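Structure record follows, encoded as structure tokens.
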Amino acid sequence: MTATVPHEQIILQLGDLHFCEFQAATTDVDTHDSSTPGQLDATLGYPIPREVHRAIVDQLNASPGAIVAVCGDITSRGDRDGFVGGVRYLAEVLGDSRLVEKIGPDRLHVVPGNHDVNFKGDQPFVSFEDLDRFEVLAQICVHEGLGDVFTRSHRETTVALPDGGGVSVVSVNTCRGVGATRRDLPAGAKDLVLEAALNELDGLDLDAAIERHSPGVALEEVLDVPLLHPDELQGIAACWGHLNGTVVPVLLAHHGLLPQHTPRLNPYTEMANAGQARRQLTKLGRSVLYLHGHIHQHVVEIVDFPKANDILPLHDRAVIIAAPELRSGFNKIAIKFDAQGRPLGIRVEKYRISQGEQTISLEPDLIEVSLARRPSLTAAQRNLLAFVVQNSAATGGELVAEGSRFSPPMPADEVESLVETLCWTGVLRRNTVPGTSFADAGYLI
């Protein structure tokens with residue numbers, strides 16, 4: 001296969017929307033005046049939904065073929081109007097006439113969040129096997145023009161890159177347990193029980209008695225209980241059990257695989273079987289990208305999967321990326337591949353609204369995580385690496401010129417592909433800012 005310049009698959013990761021609050025959000029105005037003239041504070045605060053819309057369209061146009069991953073919590077506290085409004089907003093953004101390419105259902109995934117389920121109203125918890133209440137949300141997505149892209153249990157789509165490599169996206173529902181209850185007497189309930197019992201000596205119905213004597217006090221505690229149901233775990237194994245080595249698995253969920261950084265003293269709020277889920281991923285024998293929302297923070301974490309007698313310089317790993325609330329911005333994730341379609345690594349770019357700013361822009365602290373193994377080099381490739389050693393550093397243009405003097409000459413695209421691979425495996429490192437052309441970029445051992 002003729003070498004070509006390394007290529008990539010872009011994923012826009014959109015975090016929790018919480019449309020009920022998002023729709024009225026504006027950029028910061030530091031006001032200490034409770035009665036500003038002519039609603040000056042509202043005038044100076046730019047509508048965040050408008051800016052997020054613009055930024056998403058710009059990034060999709062800059063990256064044709066991008067995948068959009070929506071991490072759940074479109075609404076807040078099960079508000080149905082908020083869910084409809086949030087879906088309608090996403091449909092307007094992703095259907096914008098300025099987009100140079102339509103986002104098809106194979107490149108759009110939307111997972112449920114715990115706030116999307118009206119478990120205290122018309123979508124109560126029935127069982128961990130019940131998916132009917134998620135069908136209601138899926139139909140709203142269809143009706144409002146977003147398409148049949150909402151995940152009920154699990155959903156898989158594959159995107160192949162024209163020059164090799166690709167991704168398999170599996171989105172999963174971690175919210176089956178939203179609204180599950182357990183019998184519990186809240187503080188002061190024993191006194192209520194005693195008082196109710198004294199008034200209901202014959203044929204005591206405890207729940208009914210407490211409701212009559214103290215309306216609104218329940219003997220059941222309502223919980224969140226996030227989990228990956230065995231059906232979802234089996235679905236992951238079925239989708240990814242025999243993937244080609246050039247395809248990167250991407251798992252999209254609302255809840256994270258690891259506990260959040262901020263201590264949280266609340267039962268059943270972390271993934272109930274996160275360890276089991278991580279174990280399932282280790283059995284795949286490959287690296288996995290895990291995307292989620294829920295915690296309203298941008299976090300990148302790595303869990304390595306070392307194996308016995310593994311002498312390679314890199315273990316299989318789970319790269320876990322949490323997105324912030326959409327009102328703060330979003331993540332742009334690039335999965336890089338070499339000329340043969342083999343995964344090189346993952347680049348995470350943060351697009352955020354900074355304090356005092358009115359536009360979403362790229363922040364400088366990008367993160368890169370390697371997925372690559374060090375390649376076996378040909379004699380010509382070793383000579384090119386020796387050129388860097390002898391000169392202490394070299395630009396891409398100098399390396400291309402050196403490769404052209406070999407017999408036979410090394411094509412420029414092969415030089416660039418080799419240098420990119422050596423950077424991802426840690427043999428070389430760049431000493432210029434991202435975005436610099438290959439010819440002008442500098443490289444060191």
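Note that the structure is predicted; figures quoted are calculated from it, not measured.
Residues that satisfy the side-chain hydrogen bond (donor to acceptor under 3.5 Å, both in side chains) test with Arg429, not counting sequence neighbours, are absent from this structure. Glu270 pairs by the salt bridge (Lys or Arg N to Asp or Glu O under 4.0 Å) definition with nothing, not counting sequence neighbours.
With values rounded to the nearest 0.5 angstrom, Asp413 atom CG is found 11.5 Å from Leu418 atom CG. Phe134 CZ to Arg176 CZ: the interatomic distance, rounded to the nearest 0.5 Å, is 8.0 Å. From Ile360, atom CD1 reaches atom CZ of Phe330 across 5.5 Å, with rounding to the nearest 0.5 Å. Put simply, CG on Leu108 and CG on Leu90 are 8.0 Å apart, with the number rounded to the nearest 0.5 Å. Between Met271 atom CE and Thr174 atom OG1 the span is 5.5 Å, to the nearest 0.5 Å. Interatomic distance, Arg77 CZ to Phe119 CZ, rounded to the nearest 0.5 Å: 11.0 Å.
By the 4.0 Å N-to-carboxylate-O rule, Arg373 lies close enough to Asp316 to be salt-bridged with it. A salt bridge does not link Glu21 with Arg327: every distance from a Lys NZ or Arg NE/NH1/NH2 to an Asp or Glu carboxylate oxygen is 4.0 Å or more.
With hydrogens and angles ignored, the 3.5 Å screen pairs a side-chain donor or acceptor of Thr421 with a backbone N or O of Ser417. Remark: side-chain polar atoms of Asn331 are not paired, donor with acceptor, to backbone N or O of Ile333 under 3.5 angstrom. When atom types are taken as modelled, the side chain of Asp116 and the backbone of Thr75 share a donor-acceptor pair closer than 3.5 angstrom. Of the possible polar contacts, one joining the Asn173 side chain to the Arg152 backbone as a donor-acceptor pair under 3.5 Å is found. Judged by distance alone, with hydrogens and angles left aside, the side-chain atoms of Tyr89 form a donor-acceptor pair with the main-chain N or O of Pro49 at under 3.5 Å. In this structure, the side chain of Arg347 does not engage the main chain of Leu366 through any donor-acceptor pair within 3.5 Å. Between the side chain of Asn273 and the backbone N or O of Leu227 there is no donor-acceptor pair closer than 3.5 Å. Put simply, the side chain of Asn118 never gets that close to the backbone of Arg80: no donor and acceptor are under 3.5 Å apart. A donor-acceptor contact shorter than 3.5 Å links the side chain of Gln13 to the backbone of Ile321. Formation of a donor-acceptor pair under 3.5 Å by the Gln297 side chain with backbone atoms of Val299 is not found in this model.
Ser153 and Glu232 are linked by a side-chain donor-acceptor pair at a separation below 3.5 angstrom, with hydrogens and angles left out of the test. One side chain, Glu301 or His261, offers a donor N or O that lies under 3.5 Å from an acceptor on the other. No side-chain N or O of Asp79 forms a donor-acceptor pair with one of Ser76 less than 3.5 Å apart. Using modelled atom types and a 3.5 Å distance limit, the side chains of His109 and Thr151 yield no donor-acceptor pair. Residues Glu135 and Gln139 have side chains that bring a donor and an acceptor to within less than 3.5 angstrom of each other. Side chains of Thr158 and Glu156: a donor on one and an acceptor on the other come within 3.5 Å.
The shortest heavy-atom contact between Ala66 and Leu60 is CB-CD2, 3.9 Å. The heavy-atom pair separating Cys71 from His254 by the smallest distance is O-ND1, 2.7 Å. For the pair Asp338 and Gln340, the tightest heavy-atom approach, listed with the atom from each and the gap, is OD1-N, 2.9 Å.
Using a 30° and 60° split on the angle between ring planes, His7 and Phe337 fall in the parallel class, below 30°. The aromatic rings of Phe125 and Phe128 sit perpendicular to each other, their planes meeting at more than 60°, with 30° as the lower class boundary.
Atom CZ of Phe438 has more than 12 neighbouring heavy atoms from other residues, nucleotides or ligands inside a 6.0 Å radius. Open room surrounds CD on Gln234; 12 or fewer heavy atoms of other groups in view lie less than 6.0 Å from it.
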Sequence neighbours excluded and cut-off under 3.5 Å, please list the side-chain donor-acceptor pairs for residues 237-252, or say none.
residue	atom	partner	partner atom	Å
Trp240	NE1	Ser168	OG	2.9
Asn244	OD1	Thr246	N	2.8
Asn244	OD1	Thr246	OG1	2.7

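When Leu344, Ile346, Leu289 are each tested for a side chain to side chain contact (heavy atoms under 4.5 Å, CB included) with Leu371, only one passes: Ile346.
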